[in-house]
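Quick note on labels: first sequence line is chain A, next is B, and so on, each numbered from 1.
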Amino acid sequence: MLNSWADLAANSAPENAGTSNSTAPSRPVYVPPHLRNRAASASASAESSPAPLPPNVSTNNNNNNAGSRWGAPRNGWGNRNGGWDRREVNPFGDQEGAAEEGAAAFGEQQENTGINFDAYEDIPVETSGENVPPPVNTFAEIDLGEALNQNIRRCKYVKPTPVQRHAIPISLGGRDLMACAQTGSGKTAAFCFPIISGIMRGQGQPLQRPPRGVRTVYPLALVLSPTRELSMQIHDEARKFSYQTGVRVVVAYGGAPINQQLRELERGVDILVATPGRLVDLLERARVSLQMIRYLALDEADRMLDMGFEPQIRKIVEQMDMPPPGARQTMLFSATFPKEIQRLASDFLSNYVFLAVGRVGSSTDLIVQRVEYVQESDKRSHLMDLLHAQRANGVQGKQALTLVFVETKKGADALEHWLCRNSFPATTIHGDRTQQERELALRSFKTGNTPILVATDVAARGLDIPHVAHVVNFDLPNDIDDYVHRIGRTGRAGKKGLATAFFNDNNASLARSLADLMQEANQEVPDWLSRYAARSSYGGGRNRRSGGSRFGGRDFRREGSFGRGGSDYYSTGNSGGYGSSGGYGGGYGPGVTSAWD
DNA sequence: AAAAAAG
């Protein structure tokens with residue numbers, strides 16, 4: 001009873017507000033955010049004539065036939081939100097608040113500016129594809145719009161990071177993109193800026209929908225990520241970038257009450273950030289339609305396309321109502337991009353640019369990697385030793401943050417319990433905990449309240465946790481890519497980090513790739529590990545996913561002339577067709593990427 | 001074999 005009444009009220013209120021004295025719009029039309037104040041009154045008086053296109057609308061190659069294919073723009077904006085959102089909370093308001101708590105606790109300033117650009121100076125970059133738009137050196141060179149520029153200043157971003165310098169012009173040029181890149185250095189911004197800017201410009205043609213459920217919303221951009229916490233993080237960042245641009249960002253993920261998310265959606269959504277399960281739910285309830293999607297971004301794209309996720313992603317991207325490749329712009333980001341996954345991913349892309357922002361020798365050098373031989377039964381006491389040592393390294397009375405990865409959820413609980421019993425304040429994050437518990441754990445860790453976090457792979461990717469001094473692989477993962485992502489939780493934004501792994505016979509299959517990785521990162525490889533690696537290379541101890549070039553860094557379209565790709569990982573220049581290889585033969589072997597995302 | 005993601 002109460003529910004249906006509330007729903008009714010929630011449903012009709014914005015509709016009335018948006019159109020006041022006219023008949024309710026039945027057909028959606030895209031109104032760029034900067035015109036929405038006017039649009040609300042304009043559409044009321046001009047119901048029968050097509051809505052004016054924004055003056056600076058630029059035709060996008062990929063979309064210029066969308067009008068004929070999908071129907072001409074109509075009146076009425078599907079999101080029923082005429083005008084800027086006056087209730088928009090200033091995400092910068094508590095400048096020293098939430099996100100900065102950790103920094104404050106450590107007596108440091110502004111994590112956002114903490115990027116150490118010197119660490120990036122000589123980062124090798126490879127691009128391939130046809131007519132690759134050239135990189136820029138400053139934000140000023142790109143016309144992102146004044147509102148967005150102001151937010152960039154508020155974020156204290158002074159100049160674009162390497163991934164931004166390359167990815168933003170490519171995306172603004174309307175091209176699809178597969179990028180091997182680093183989050184810590186602004187990966188989220190690299191796909192958010194072009195999306196926000198594009199939405200503000202009203203680029204391309206809106207796609208018409210058949211009238212369906214009145215409460216259906218039509219986001220223009222979709223960002224998918226593999227974990228709830230990562231979606232939250234992306235949402236938080238995207239909200240900063242879109243502040244006062246009129247572009248509305250909404251997040252939807254499982255484990256949280258759906259009603260609140262539905263209410264947020266009903267207030268209007270331009271950019272939807274979501275985890276796959278909850279999005280499918282919303283699509284099946286017809287509360288969200290993907291018909292108007294003009295931008296699709298997959299964060300941690302290789303994870304999104306691996307066995308566990310691929311069917312869901314295919315369903316969302318190929319079997320719902322999303323415009324096909326070419327009629328939308330698609331951006332895939334990850335630090336690791338095995339070529340098998342690249343092949344899968346190419347289904348979603350159209351004439352795309354491949355971009356690899358690699359590590360230079362110095363990038364993963366920021367993370368000191370250690371491997372110790374530890375029997376299962378000795379792991380706990382060994383961890384204890386590390387933590388005792390870590391205690392001495394505390395900053396301002398706070399213990400440095402240590403992130404401990406384990407294999408299983410049960411193992412995580414057990415270890416947390418044991419640590420607490422031994423007076424090490426620890427908490428844990430894994431998929432068997434409630435969402436509330438997960439978020440609490442992460443917050444408590446970030447603030448230094450609980451300086452030890454025991455985690456499963458749920459925390460392996462993308463999470464930006466400042467001040468993680470030490471990553472311990474209590475249990476090593478089976479996949480070297482997961483190792484790369486895990487250790488990338490430390491040594492972020494150009495800062496130094498330490499990663500310690502406990503290795504024993506159970507990890508024999510990882511020996512070779514681990515030894516290779518460490519060698520390429522100029523780390524000291526223990527002799528016993530080298531011997532292990534040599535042994536396992538006989539036994540076929542290769543990683544399941546590849547025989548060689550298993551890291552990102554290389555466009556799989558360029559495979560072919562070389563037996564196993566990777567040894568010519570970096571060509572020198574940018575652009576060039578598929579076949580052109582600069583042939584930098586040095587050092588990168590089977591492809592080390594950044595240890596970051 | 002495990003983890004993640006809907007309830």
**Q** Looking only at non-hydrogen atoms, find the nearest pair between A:Asp457 and A:Asp482 and report the distance.
**A**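 Scanning both residues completely, I find the closest heavy atoms to be OD2-OD2, 4.1 Å.
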
**Q** For B:dA4, does either OP1 or OP2 sit under 4.0 Å from a side-chain N or O belonging to A:Lys409?
**A**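 So the side-chain polar atoms of A:Lys409 do come within 4.0 Å of the phosphate oxygens OP1 or OP2 of B:dA4, strictly under.
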
**Q** Looking at A:Arg438, does any N or O in its side chain come under 4.0 Å of the phosphate oxygens OP1/OP2 on B:dA5?
**A**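 Answer yes for this pair, as a side-chain N or O of A:Arg438 is under 4.0 Å from OP1 or OP2.
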
**Q** A:Gln261 CD to B:dG7 C1': how many Å, rounded?
**A**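 It works out to 13 Å between those atoms.
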
**Q** Just the rounded figure in Å: distance from C1' of B:dA4 to CZ of A:Arg433.
**A**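 My rounded result for the distance is 17 Å.
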
**Q** Hey, are the side chains of A:Thr500 and A:Asn473 touching, using non-hydrogen atoms and a 4.5 Å cut-off?
**A**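 No, too far: nothing below the 4.5 Å cut-off.
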
**Q** Hydrogens and angles aside, do A:Glu266 and A:Gln261 bring a side-chain donor and acceptor to less than 3.5 Å of each other?
**A**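 Their side chains do not contain a donor-acceptor pair, so the 3.5 Å distance test is not met.
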
**Q** Hey, is CZ on A:Arg380 packed in by over 12 heavy atoms from elsewhere, all under 6.0 Å?
**A**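 Yes.
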
**Q** Using a cut-off of strictly less than 4.0 Å, decide whether A:Arg228 has a side-chain nitrogen or oxygen near OP1 or OP2 of B:dA5.
**A**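 For A:Arg228, the contact criterion (side-chain N or O under 4.0 Å from OP1 or OP2 of B:dA5) is met.
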
**Q** Check this one for me: any side-chain N or O of A:Thr275 less than 4.0 Å away from OP1 or OP2 of B:dA4?
**A**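 A:Thr275 to B:dA4 OP1/OP2: no side-chain N or O under 4.0 Å.
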
**Q** For A:Asp475 and B:dA1, what is the distance between atoms CG and P respectively, to the nearest whole Å?
**A**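 A:Asp475 atom CG is separated from B:dA1 atom P by 17 Å.
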
**Q** Measure from CG on A:Asp457 to P on B:dA2 and round the result to the nearest Å.
**A**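 For the pair A:Asp457 CG and B:dA2 P, the rounded distance is 13 Å.
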
**Q** Assign A:Arg285 to base, sugar-phosphate, or nothing according to its heavy-atom contacts below 4.0 angstrom with the strands shown.
**A**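 The residue A:Arg285 makes no contact with any strand.
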
**Q** Measure the distance from CD1 on A:Ile313 to P on B:dA4 and round it to the nearest whole Å.
**A**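 About 16 Å, once rounded to whole Å.
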
**Q** Please report the distance, rounded to the nearest Å, between CG in A:Leu230 and P in B:dA4.
**A**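 The distance from CG of A:Leu230 to P of B:dA4 comes to 14 Å, rounded to the nearest Å.
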
**Q** Take atom CD1 of A:Ile258 and atom C1' of B:dA5, then tell me their distance rounded to the nearest Å.
**A**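 That distance rounds to 13 Å.
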
**Q** If I take atom CG in residue A:Leu262 and atom P in nucleotide B:dG7, what distance separates them, rounded to the nearest angstrom?
**A**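 Distance check: A:Leu262 CG to B:dG7 P gives 12 Å.
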
**Q** A:Asn478 side chain: which of B:dA5, B:dA1, B:dA3 is closest?
**A**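 Output: B:dA1.
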
**Q** Please confirm whether the backbone N or O of A:Thr434 pairs with a side-chain atom of A:Glu437, one donor and one acceptor, at under 3.5 Å?
**A**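 Side chain of A:Glu437 to backbone of A:Thr434: a pair is present.
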
**Q** Would you classify A:Gly308 as touching base, sugar-phosphate or nothing, given that sugar-phosphate means primed atoms plus P, OP1 and OP2, and contacts are heavy atoms under 4.0 Å?
**A**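 Base, at least one base heavy atom under 4.0 Å.
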
